[in-house]
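First comes the structure, then the notes that go with it.
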Amino acid sequence: MKHTKILFEHDNAPEGGYGIESAWAIPIGEYFQLDNILFYAKEFALGDLVNTEIRNGDQFVIGLVKESGHSTIRMLFENEDEISETRKQLSKLGCESEISNISILIAVDIPPNVEYSVIRSYLELGEQEGKWSYEEACIAQ
């Protein structure tokens with residue numbers, strides 16, 4: 001599988017304002033299938049098929065072609081020491097995660113075969129306990 005770097009414009013930059021997030025994708029015909037969990041760009045998830053346009057030689061995402069059924073959430077931790085165990089627990093629940101360039105931020109992929117209500121209960125409990133806050137970046141329909 002040949003991967004191509006694609007770019008997402010977003011207004012969710014950590015310092016506020018406008019930003020660009022890059023991700024790996026697999027070319028499929030004239031479209032690209034997202035092969036990364038996104039940290040900042042909303043409304044896209046792992047496996048989604050996206051349309052792009054070339055700007056100055058780069059592939060910029062301009063829209064969703066087909067939803068994959070995956071969902072993405074972001075978690076911001078109060079204590080970096082909680083991250084490793086939390087990622088292990090999420091993995092046991094069937095979810096992959098990636099750590100951001102911001103050490104207390106992770107992005108979590110929830111595949112279509114994992115019941116989101118189970119994950120949401122886990123997320124809400126940790127938030128109530130003050131371990132993290134979370135954001136639903138892209139929830140599959």
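The figures here come from the full heavy-atom set of this structure, side chains too, leaving out hydrogens, waters and symmetry mates. Please read these numbers as outputs of a predicted model, since none were measured by experiment.
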Using atom types as modelled and distance alone, determine if a side-chain donor or acceptor of N36 lies under 3.5 Å from a backbone N or O of L38.
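No: the side chain of N36 does not pair with the backbone of L38.
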Is there a donor-acceptor contact under 3.5 Å from the side chain of R74 to the main chain of V108?
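A pair under 3.5 Å: no.
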Presence of salt bridge, K42 and E135, under 4.0 angstrom:
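Yes, E135 and K42 are salt-bridged.
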Are R120 and E115 within salt-bridge range, i.e. N to O under 4.0 Å?
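No salt bridge links R120 with E115.
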Go through the side-chain N and O atoms of [X] and [Y] and say whether any donor and acceptor fall under 3.5 Å apart.
X	Y	answer
S133	E127	no
T52	Y31	no
H70	D48	no
Y116	E136	yes

Residues, nucleotides or ligands: over 12 heavy atoms within 6.0 Å of K5 NZ:
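Yes.
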How far apart are the closest heavy atoms of [X] and [Y], and which atoms are they?
X	Y	value
E96	I37	O-CD1, 3.8 Å
A25	I6	CB-CD1, 3.6 Å
A45	S68	O-OG, 4.4 Å

Honestly curious: do F32 and F60 fall in one hydrophobic cluster under the side-chain, below-4.5 Å linking rule?
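Per the 4.5 Å side-chain linkage, F32 and F60 are not co-clustered.
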Out of curiosity, does I102 fall in the hydrophobic cluster containing F39 (side-chain heavy atoms, cut-off under 4.5 Å, transitive links)?
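The answer is yes; both residues are in one hydrophobic cluster.
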Would you indicate whether the side-chain heavy atoms of [Y] and [X] approach each other to under 4.5 Å?
X	Y	answer
T86	M75	yes
V61	F44	yes
W132	E78	no
L90	I106	yes
I83	I99	yes
T72	L46	no
I139	I73	yes
I62	R55	yes

At what distance, to the nearest 0.5 angstrom, does [atom1] of [X] lie from [atom2] of [Y]?
X	Y	atom1	atom2	result
S22	Q59	OG	CD	13.5 Å
K131	F77	NZ	CZ	9.5 Å
L49	L64	CG	CG	8.0 Å
C95	I119	SG	CD1	3.5 Å
E53	L7	CD	CG	11.5 Å
E82	R87	CD	CZ	14.5 Å

The criterion is salt bridge (Lys or Arg N to Asp or Glu O under 4.0 Å); which residues satisfy it with E43, sequence neighbours excluded?
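Salt bridge (Lys or Arg N to Asp or Glu O under 4.0 Å) list for E43, sorted by chain: empty.
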Sequence neighbours left out, what passes salt bridge (Lys or Arg N to Asp or Glu O under 4.0 Å) with E85? Give chain and number order.
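For E85 there are no salt bridge (Lys or Arg N to Asp or Glu O under 4.0 Å) partners, ignoring immediate neighbours.
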Determine, using ring centers only, whether F8 and W24 are less than 6.0 Å apart.
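No, ring centres 6.0 Å or more apart.
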Kindly assign one of parallel, tilted or perpendicular to the pair H10 and Y40, based on the angle between their ring planes and the thresholds 30° and 60°.
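Correct class here is parallel.
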